[in-house]
Amino acid sequence: MWTVFPLLGNPENPGDWVRRLTLYWLSMAKRSGKQSKSSSTRPRVAIAIMAAGKGTRLKSRHPKVLHEIGGKPILAHVIAAAKQVAAAQDIFAIIGHEADQVRAAVAAMGVQFVLQAEQRGTGHALMVAHDALAPYDQVIVLSGDAPLITPETIRRLSEFHASAKATMTLLSAEFDDPTGYGRVIRKSAKSTEVRAIVEEKAANPQQKKIREINSGFYVFAVPALYENIGELGRENPHREYYLTDMAAVFHRARKKVVVMKTPHAGEVLGSNTRAEMAYLDARLRLAKCHQLMADGVTIFYPQTCVIDSDVEVGPDTVIEPFVQLRGNTKVGSDCRIRSYSVLEDSELGDGVTIRPGTMMEGARIGAGAIIGPFSHLRPGSEIGDGAHIGNFVETKKIKLGKGSKANHLTYLGDAEIGERVNVGAGTITCNYDGVNKNKTIIEDGAFIGSDSILVAPVKIGRDSYVAAASCITDEVPADSLALGRARQTVKEGWAREKREEQAAQKSKQK
Ligand code: UD1
Ligand code: CA
């Protein structure tokens, strides 16, 4: 009674009346304060990424969203954009086809997963996500196969939806060739309100001429979505629940459906075929090159370079044609990476020169080092500042100290090599005895003569010499010379005698 009829009090007692009026104002002020607070609190926003589909058009054994573009799975690009907009605990990847594989591939990104065990369409994907999404006010739905989407556009779409007070907002784009995409049917040409989305296969000739396409990115008011999603039918060639049909469902229910057209049509491109993937990959990589160039990197013929999205390169580094920088490679400034080199998950300090044809994986190169041509640096290779690794040198799990050199035809594995060491041409660390990997230690200043075999485990002491063509099986103490080969013998006149013998035999035969 008090809150419903606060003004009713004892009419005989005006003081009571004033007290009650005051109490009423206070309670209203409190309530409206609460209301304005709740309307100003930001809506609880979730992001759902549809990634359960098989990707039939790829003719692939692997799930579509794990095919790579710009060196990482398509889905990883979409998740990365989503993470710029929402926290990982509010991002739900809807997975289904080869779900375990998809989950494992992006697990490190920390997002949540919803399993759509049977893939019965994009509308069905949202149906199975009900429990995950119910606690939210707004859900942004992203297509897991459109990797070029930017966080800015996702954010703008969400804000557009909120300010339009819409039930459903879709992102559209204008394509010269809209074939294959759903078309947006606006209420009228000028209106941002939408009547329906018509899929290519259901479109009549008139609708097929519409060049405004549905991008597959949406925002929904969550309660309205789940109150109405049951209206979706499967009257279409694939017998699937189409999320696109929600536009017509809401339109019939007199709920507001609006469209926001992105001026950057390229960012909504999907990857349904291998040809589309190649196109997106080229686009993404060229964009990466342009970003690096804007940051001060010189790239000759960027069209020929393959640089993954997460690669970092410092200013004034020069990248020659046909270079690949893959994975988490980080390159310092003032480096030069010459043609046909492939660097994967490697780190280069400043001023490093990579000569042509160098292969590198999981290696770390100190400032000013010179590598190549034709060097092969395998995981765990740590090359010190100013060191040289030359042609046909293979390294694995080694430390090569400052200023040390291994310039020709050498294998160095499981080795700790100090500073100022010279490793002669043809040196081989025999690190593997068929069962175990053994370590070779070469201390500072040692000189390993050409064609030496170092049978590990073995240690070459500081400032010592190993004579050329030695087979070293025992420790070489510091400051000593080790000779591990048979002494040379010379038989004078042997060749002449042999020739004379042969000549005598020939004349006998005649
Ligand atoms: C969809 C839209 C189309 C739009 C186009 C934009 C529908 C019916 N059509 O078509 O209007 O122009 O995107 O790219 O939505 N997925 C699931 N579960 C499923 C089915 C699909 O998670 O059961 C996922 C897919 O993995 C994919 C995304 O949803 O990442 C879109 O599905 P896809 O089959 O590629 O739809 P399109 O034919 O491209
Ligand atoms: Ca698609």
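Whatever order the structure lists ligands and atoms in, that order sets their numbers, starting from 1. Counting from 1, the numbers follow the sequence of the chain as shown.
- The two residues Asp295 and Pro315 have their closest heavy-atom pair at O-CB, 3.8 Å.
- At least one N/O-N/O distance between Asp145 and ligand 1 falls below 3.5 Å.
- Ligand 1 is approached by Asn272 to a heavy-atom distance shorter than 4.0 Å.
- Taking only nitrogen or oxygen atoms, main chain and side chain alike, Ile197 does not reach within less than 3.5 Å of ligand 1.
- Considering Val114, Val139, Ile47 in turn, Val139 is the only one that fulfils the side chain to side chain contact (heavy atoms under 4.5 Å, CB included) rule with Leu133.
- Nearest non-hydrogen protein atom to atom 22 (O) of ligand 1 is Ala52 N, 2.9 Å.
- In terms of protein heavy-atom proximity, atom 13 (O) of ligand 1 is closest to Gly216 CA, 4.4 Å.
- Atom 28 (C) of ligand 1 has its closest protein heavy atom at Ser143 OG, 3.6 Å.
- A salt bridge is absent between Asp308 and Lys288: the closest approach of a Lys/Arg side-chain nitrogen to an acidic carboxylate oxygen does not fall below 4.0 angstrom.
- Heavy atoms of other residues, nucleotides or ligands lying less than 6.0 angstrom from NZ of Lys399 number 12 at most.
- Of the protein's non-hydrogen atoms, Met50 O, 3.8 Å is the one closest to atom 27 (C) of ligand 1.
- Between Asp345 and Arg326 no salt bridge is recorded (no basic side-chain N to carboxylate O distance below 4.0 Å).
- When only non-hydrogen protein atoms are considered, atom 5 (C) of ligand 1 lies nearest to Asn214 O, 4.0 Å.
- Atom 19 (C) of ligand 1 lies below 4.0 Å from at least one non-hydrogen atom of the protein.
- For ligand 1, the atoms closer than 4.0 angstrom to any heavy atom of Gly182 are 3 (C), 4 (C), 11 (O), 12 (O).
- Distances between N or O atoms of Thr122 and those of ligand 1 include at least one value under 3.5 Å.
- At a 3.5 angstrom cut-off on N or O pairs, Gly53 counts as close to ligand 1.
- Considering backbone and side-chain N/O of Gly270, none are found under 3.5 Å from N/O of ligand 1.
- Using a 4.0 Å cut-off to heavy atoms of Ser215, the atoms of ligand 1 that qualify are 6 (C), 14 (O).
- Aromatic ring centres of Tyr181 and Phe175 lie closer together than 6.0 Å.
- Residue-level proximity to ligand 1 for His97 is absent, since no heavy atom of it falls below 4.0 angstrom.
- Contact analysis leaves His124 out of contact with ligand 1, as no non-hydrogen atom separation drops below 4.0 angstrom.
- Residue Ile371 forms a side chain to side chain contact (heavy atoms under 4.5 Å, CB included) with just one option from Leu348, Ile383, Thr353, and that option is Ile383.
- Shown in contact with Gly144 at under 4.0 Å from a heavy atom are these atoms of ligand 1, numbered in order with element: 30 (O).
- For Lys402, the NZ atom is loosely surrounded, since the number of other residues' heavy atoms within 6.0 Å does not exceed 12.
- Under a 4.0 Å heavy-atom criterion, Ala146 is not in contact with ligand 1.
- Each of Glu361, Gln324, Met360, Met359 was scored for a side chain to side chain contact (heavy atoms under 4.5 Å, CB included) with Leu343, with one residue passing: Met360.
- Contact between Leu243 and ligand 1 is absent, with no heavy atom of the residue lying under 4.0 Å from the ligand.
- Under a 4.0 Å criterion applied to the non-hydrogen atoms of Tyr181, ligand 1 contributes the atoms 6 (C), 12 (O), 14 (O).
- Some N or O of Gly121 is nearer than 3.5 Å to an N or O of ligand 1, by distance alone.
- Within 6.0 Å of CZ on Arg364 lie no more than 12 heavy atoms contributed by other residues, nucleotides or ligands.
- Within the coordination shell of the Ca ion (ligand 2), defined by N, O or S atoms under 3.0 Å, Ser143 is absent.
- Close approach of ligand 1 to Arg120 (heavy-atom distance below 4.0 Å) involves ligand atoms 23 (O).
- Ring geometry for Phe322 against Tyr340 counts as parallel: the plane angle stays under 30°, on a 0 to 90° scale with 60° as the upper cut.
- Annotation: Tyr279, atom OH; neighbour count of heavy atoms from other residues, nucleotides and ligands within 6.0 Å does not exceed 12.
- Atoms of ligand 1 lying under 4.0 Å from any heavy atom of Lys64, numbered from 1 in the order shown and given with element: 35 (O).
- With respect to Lys54 and Glu98, no salt bridge is recorded, no charged nitrogen being found less than 4.0 Å from a carboxylate O.
- Thr150 and Thr153 share a side-chain donor-acceptor pair at under 3.5 Å.
- An N or O contact shorter than 3.5 Å is missing between Tyr242 and ligand 1 by distance.
- Using 4.0 Å as the threshold, Arg57 has a heavy atom nearer than that to some atom of ligand 1.
- Using a 4.0 Å cut-off between heavy atoms, Gln116 contacts ligand 1 through its side chain alone, with no backbone atom that close.
- With salt bridges taken as basic N to acidic carboxylate O contacts below 4.0 Å, none links Arg120 and Glu240.
- By the 4.0 Å N-to-carboxylate-O rule, Arg186 lies close enough to Glu212 to be salt-bridged with it.
- No more than 12 heavy atoms of other residues, nucleotides or ligands lie within 6.0 Å of NZ in Lys397, so this atom counts as exposed by the packing criterion.
- The nearest protein atom to atom 10 (O) of ligand 1, hydrogens excluded, is given as Glu199 OE1, 4.2 Å; this is a heavy-atom distance.
- Of all N/O/S atoms in Asp145, OD2 sits nearest the Ca ion (ligand 2).
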